[in-house]
Amino acid sequence: MTALNELTLAEARDKLAAREISATELTRAHIDAIEKARALNAYIAETPDHAITMARQSDERIARGEAGPLEGLPLGVKDLYATNGAHTQACSRILEGFKPVYESTVTANLWRDGAVMLGKLNMDEFAMGSSNETSCYGPVASPWLPPGWSQEQARAAGAGDKKGLLVPGGSSGGSAAAVAAHLCLGATASDTGGSIRQPAAFTGTVGIKPTYGRCSRWGMVAFASSLDQAGPIARTVRDCAIMLRSMAGYDPKDATCVDMPTPDYEKALGASLKGRRIGIPKEYRVDGMSEEIDALWRKGIDFMRDAGAEIVDISLPHTKYALPAYYIVAPAEASSNLARYDGVRYGLREQGRDIVEMYEKTRAKGFGPEVRRRVLIGTYVLSAGYYDAYYVRAQKIRTLIRRDFETAFHAGVDAILTPATPSAAFGIGEKTSADPVEMYLNDVFTVTVNMAGLPGLAVPGGLSRDGLPLGLQLIGRPFDEETLFSAAHVIEQSAGRVQLPASWWA
Ligand code: GLN
């Protein structure tokens, strides 16, 4: 029999409903797995007692016939989400000791539907990063074994500084690693420039960033408010569909959250692609793209064609400006959002002779180097004299990027297929000492989607030459997550689910 924590979320749901298993035993199986996997550093706060209490309540509701759609399903929560009375720091020292007295809307929706919280998951500090190496709690190790490594070697590195183990991607690295290593059935994540899709691609999991406005941002620690969006990471397309249905929905507390009904996304699975048009943007064939990424993309195109879709070549001419424009808009918003961490209202405070020195010392100690870099860039591009040259231009480029997509959709394209990342996962420490731009390049295929506010999904498409997961990305029309789920399901069925070869950490 499959271990309880290795069931998919949908399988666990069905077994709970059939009363073959209890929420309490399912939760205990996850708590045990989490304890054995501390070397991954995926959870930075475990809440086992709370989880057992929630699971018992789920069992009671199941017994009374009052089960919600996620009843008794144990999930992990990215440390970005405010969770009432529980550790919430966006993995930053500046929020040291912060425990909110409120719950984010997205997590409240999950608990309303019966889900169980296992704990809080590691992430890049304030979601700034692509490898989960900027967290104040240290890096997360991917459960995937580095090519050529023995399990013993990985165990030794896991017990030490983790150098050479693979990154799980970022910023939602804890979420992706925990899902891939069976330390939860699914996890919440967030995506400002690729932080759901890139870690999903690196770990062989599925992740969707829904349309901007689909999920409430209320109670999510803000990074770049016009780009941030909540979404799930899970092991299958179906599991993501189930989670997103619960996470999404109108919330009057977020003025950018859209008041429209949330579809039953699971129903989109199995829908035919006959006659649907899948766009292939030529600008995503970037310079120096590796042969294996190109081959993965071609394979994805074949899957779509074999399922009856019509493949059309499209052009998104402003793609090359997306990354530079993103690295103006996102830091600008971040510098403004992070102004609230002043040592007065939340978390850390370093004493100073006067209030200015207190601010300075608190912010100097509380923010890590990547966050400081973003605040400096953001303040610079918003300053008088530079605002027009940088910020205003970046916003204009953003409009042009959105128009590129609109043109493709007006021409009848239903979804766009691209690779999710330019490479497979790299090693911890491999890209941190170099130029930060090298890390930023990871998001070359994902940031355009945030700039345009569109839904994007990453699904495993196969393995690299070295046996590591590679992801395909599907981009959809605004609020048409359903087409993405239908097409991703076809890819999942055609490519097969990727399987972790070994659990070196346990
Ligand atoms: N890697 C990108 C950044 O560091 C995106 C992060 C995200 O989506 N939160 O800004």
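Each ligand, and each atom within it, is numbered from 1 in the order the structure gives. Below, each value reflects all heavy atoms present in this structure, side chains not excepted, and no hydrogens, waters or symmetry copies. Just so it is clear, the structure is predicted and the values come from calculations on it, not from any experiment.
An N or O contact shorter than 3.5 Å is missing between Phe223 and ligand 1 by distance. Residue contacts with ligand 1: Gly194 is placed with a nitrogen or oxygen under 3.5 Å of a nitrogen or oxygen of the ligand (distance criterion only). Checked against a 3.5 angstrom limit, the closest N/O atoms of Ser130 and ligand 1 fall inside it.
Nearest protein heavy-atom neighbour of atom 7 (C) of ligand 1: Ser195 OG, 2.4 Å. The nearest protein atom to atom 10 (O) of ligand 1, hydrogens excluded, is given as Tyr326 OH, 2.6 Å; this is a heavy-atom distance.
Each of the following atoms of ligand 1 lies closer than 4.0 Å to a heavy atom of Asp191: 8 (O). Close approach to Ala127 involves these atoms of ligand 1, each under 4.0 Å from a residue heavy atom: 6 (C), 7 (C), 9 (N). Listed by atom number, the atoms of ligand 1 under 4.0 Å from Met128 heavy atoms are 4 (O).
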Checklist entry - Would Ser172 and Lys78 satisfy side chain to side chain donor-acceptor pair (under 3.5 Å), going step by step from the backbone distance to the final call? => result CA-CA 7 Å; Ser172 310; Lys78 187 176 182 179; 2.9 Å; yes
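Between Trp218 and Tyr102, the distance separating the two ring centers is shorter than 6.0 angstrom. Between Tyr43 and His87, the distance separating the two ring centers is not shorter than 6.0 angstrom.
Looking only at atom types and distance, the side chain of Asn450 has a donor-acceptor partner in the side chain of Arg197 under 3.5 Å away. Arg217 and Thr256 are linked by a side-chain donor-acceptor pair at a separation below 3.5 angstrom, with hydrogens and angles left out of the test. Side-chain atoms of Arg398 and Ser226 include a donor-acceptor pair closer than 3.5 Å. The closest side-chain donor-acceptor pair between Ser225 and Asp228, if any, does not fall under 3.5 angstrom. Remark: the Glu103 side chain and the Tyr81 side chain contain no N/O donor-acceptor pair separated by less than 3.5 Å.
The closest approach between a heavy atom of Arg374 and any atom of ligand 1 is below 4.0 Å. Heavy-atom separations between Tyr327 and ligand 1 include at least one value shorter than 4.0 Å. Using 4.0 Å as the threshold, Ala330 has no heavy atom nearer than that to any atom of ligand 1.
The part of Asp443 lying near ligand 1 is the side chain, judged by heavy-atom distances below 4.0 Å. Only the side chain of Ser171 comes within contact range of ligand 1, with a heavy atom under 4.0 Å; no backbone atom does.
Of all heavy-atom pairs between Tyr326 and Pro331, the closest is O-CD, 3.5 Å.
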